[in-house]
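Treat the numbers as computed from the prediction; the structure is a model and nothing was measured. Counting starts at 1 for both ligands and their atoms, in listed order. Heavy atoms only: backbone and side chains are in, while hydrogens, waters and symmetry mates are out.
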Amino acid sequence: MPQTPSLPGTTDRRLAALLALLSENATIVISGARIAREIGVTRSMVWRWVEELRKLGVHVKGQRSTGYFLEKVPDILTPDLLRKRLKGSLLGKRVLHYFKTDSTNRIAMELGFAGEPEGTVVLAEEQTAGRGRAGRSWHSEKGTGLYVSILLRPRLAPAQAPLLTMLAGISAQAAVESLTGLTAELKWPNDLLLKGKKLGGILTEMHAEPTSVRFIVIGIGINANQEKFPPEMAGVATSLRKESGRMTFRLELLIRLLAQFESDYRVFLSEGAPFVVDRFQKVSDFAKGRRVRVDTGVDTYQGTTAGLSPEGLLLVSRDQGPLTTVIAGDVTEVR
Ligand code: BTN
């Protein structure tokens with residue numbers, strides 16, 4: 001398994017190995033001697049790593065004399081388990097896990113500038129400055145949502161980058177549906193909605209030359225187990241838990257999301273824009289026949305969505321005016 005060089009703030013390799021060992025053997029008491037052997041520390045140091053985990057909120061039972069165990073598998077995006085499940089895949093090659101960081105997109109962008117190869121995935125249990133679209137922030141409460149960024153180096157023109165945002169939306173919708181049975185609505189270009197409220201979003205950031213992309217970071221946030229949101233978001237945000245009444249095992253959701261995205265990404269690289277545009281129109285009711293208001297920042301108008309252009313841009317048939325291609329801006333449904 002590739003070893004992750006320690007980057008400031010990433011989860012320590014020994015801590016991650018301890019978490020994986022306890023999770024894979026949940027309910028079974030594991031002796032200090034075995035833990036020491038498997039995670040590569042001295043027996044006398046085992047308690048220190050157990051204490052570290054406890055400080056991070058993992059309920060490790062047991063004590064030095066008897067050994068340690070977990071009562072159930074914790075809902076943590078345990079990087080070692082993830083790497084095992086994604087073995088052999090592009091997105092399982094290098095997984096960086098943070099218990100807490102400012103923004104996984106910020107880190108992935110920095111790695112991109114430092115020459116990090118394609119496929120690296122950055123995960124966090126909590127973000128203190130999660131970034132949303134249009135300079136907004138992304139509510140990133142500890143251990144409840146999925147906060148993940150993927151670094152890619154596709155050979156694309158910068159104008160094609162939005163197709164990757166749409167592709168990630170398609171993959172996220174499929175992953176959510178396969179795990180929970182809930183069909184989220186895909187709102188162009190990057191929103192996942194359930195009953196009209198925001199379930200997830202995608203923020204693509206990139207570094208490009210005028211004609212070619214150097215690297216792209218696809219940041220995906222999905223509200224999984226939030227029970228409630230801050231008052232200002234309560235009317236507009238929802239989670240899988242709120243809609244289904246059930247807890248979602250985030251690690252499983254993440255595995256499905258990454259596997260789905262990787263397979264969609266490969267098809268996109270070989271087939272190009274038509275794959276994304278066709279799929280998006282198939283799985284998004286929003287793309288055609290919806291009454292919308294478009295706010296471009298300089299102009300606001302109402303109309304009806306009329307499908308996507310071959311480049312993946314939304315077409316809106318204006319109430320007063322021609323068929324218009326939305327290049328950027330906020331599109332809201334008017335009911
Ligand atoms: C949106 O506004 O709809 C996009 C939200 C994107 C949030 C994700 S969470 C993981 C990644 N890191 C960030 O700072 N933002 C994205």
Side-chain angles (χ1 to χ4, degrees), residues 7 9-10 77 79 82 91 95-113 116 120-152 161-162 164-173 175-176 184-194 196-207 215-226 229-230 232-233 235-240 248 250-251 253-254 257-258 261 280 284 286 295 297 314 326 328-333:
L7 268 160
T10 46
L77 308 172
L82 193 64
L91 302 184
V95 178
L96 302 178
H97 177 268
Y98 292 78
F99 273 95
K100 187 174 181 171
T101 190
D102 54 351
S103 154
T104 55
N105 261 36
R106 206 258 320 138
I107 293 167
M109 284 298 286
E110 215 171 281
L111 290 168
F113 282 112
E116 179 77 15
T120 293
V121 170
V122 184
L123 306 169
E125 303 293 334
E126 177 182 5
Q127 296 185 117
T128 53
R131 300 177 183 174
R133 223 162 65 93
R136 290 186 276 260
S137 61
W138 185 256
H139 177 69
S140 308
E141 183 193 326
K142 177 175 164 186
T144 55
L146 215 53
Y147 318 116
V148 51
S149 298
I150 304 167
L151 176 74
L152 299 173
L164 276 178
T165 310
M166 292 163 68
L167 190 73
I170 294 168
S171 312
Q173 185 202 44
V176 165
E185 181 171 25
L186 206 49
K187 177 176 161 263
W188 185 91
N190 74 335
D191 284 345
L192 284 176
L193 307 176
L194 274 175
K197 291 185 179 176
K198 190 133 167 170
L199 175 75
I202 293 142
L203 176 68
T204 300
E205 298 186 68
M206 69 171 160
H207 173 53
F215 63 85
I216 293 192
V217 168
I218 313 276
I220 306 171
I222 300 179
N223 299 331
N225 292 326
Q226 287 89 342
F229 290 93
E232 67 280 9
M233 291 173 65
V236 291
T238 193
S239 68
L240 294 171
T248 296
R250 291 176 311 136
L251 182 70
L253 181 60
L254 179 62
L257 172 65
L258 294 177
F261 180 73
F280 197 94
S284 167
F286 183 86
D295 182 354
L314 185 67
V326 183
D330 269 339
V331 183
T332 9
E333 189 163 4

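Side-chain contact check for Asn225 versus Leu240: every heavy-atom pair is 4.5 Å or farther apart.
In terms of the salt bridge (Lys or Arg N to Asp or Glu O under 4.0 Å) criterion, residue partners of Glu333 (sequence neighbours excluded) are, by chain and number, Arg290, Arg335. With sequence neighbours excluded, the residues that form a salt bridge (Lys or Arg N to Asp or Glu O under 4.0 Å) with Lys198 are Asp191. With sequence neighbours excluded, the residues forming a salt bridge (Lys or Arg N to Asp or Glu O under 4.0 Å) with Glu205 are Arg131, listed by chain and number.
The aromatic rings of His207 and Phe113 lie tilted to each other, with the angle between the two planes from 30° to 60°.
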Write out each pair where an N or O from ligand 1 and one from the protein are under 3.5 Å apart, with the distance.
residue  : atom   : partner : partner atom : Å
ligand 1 : 2 (O)  : Arg133  : N            : 2.7
ligand 1 : 3 (O)  : Lys198  : NZ           : 2.6
ligand 1 : 12 (N) : Thr104  : OG1          : 3.0
ligand 1 : 12 (N) : Asn105  : N            : 3.4
ligand 1 : 12 (N) : Gln127  : OE1          : 3.0
ligand 1 : 14 (O) : Ser103  : OG           : 2.7
ligand 1 : 14 (O) : Gln127  : OE1          : 3.4
ligand 1 : 14 (O) : Arg131  : N            : 2.7
ligand 1 : 15 (N) : Arg131  : O            : 2.8

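Among the candidates Ile220, Leu152, Ile170, the single residue satisfying the side chain to side chain contact (heavy atoms under 4.5 Å, CB included) test with Phe261 is Leu152.
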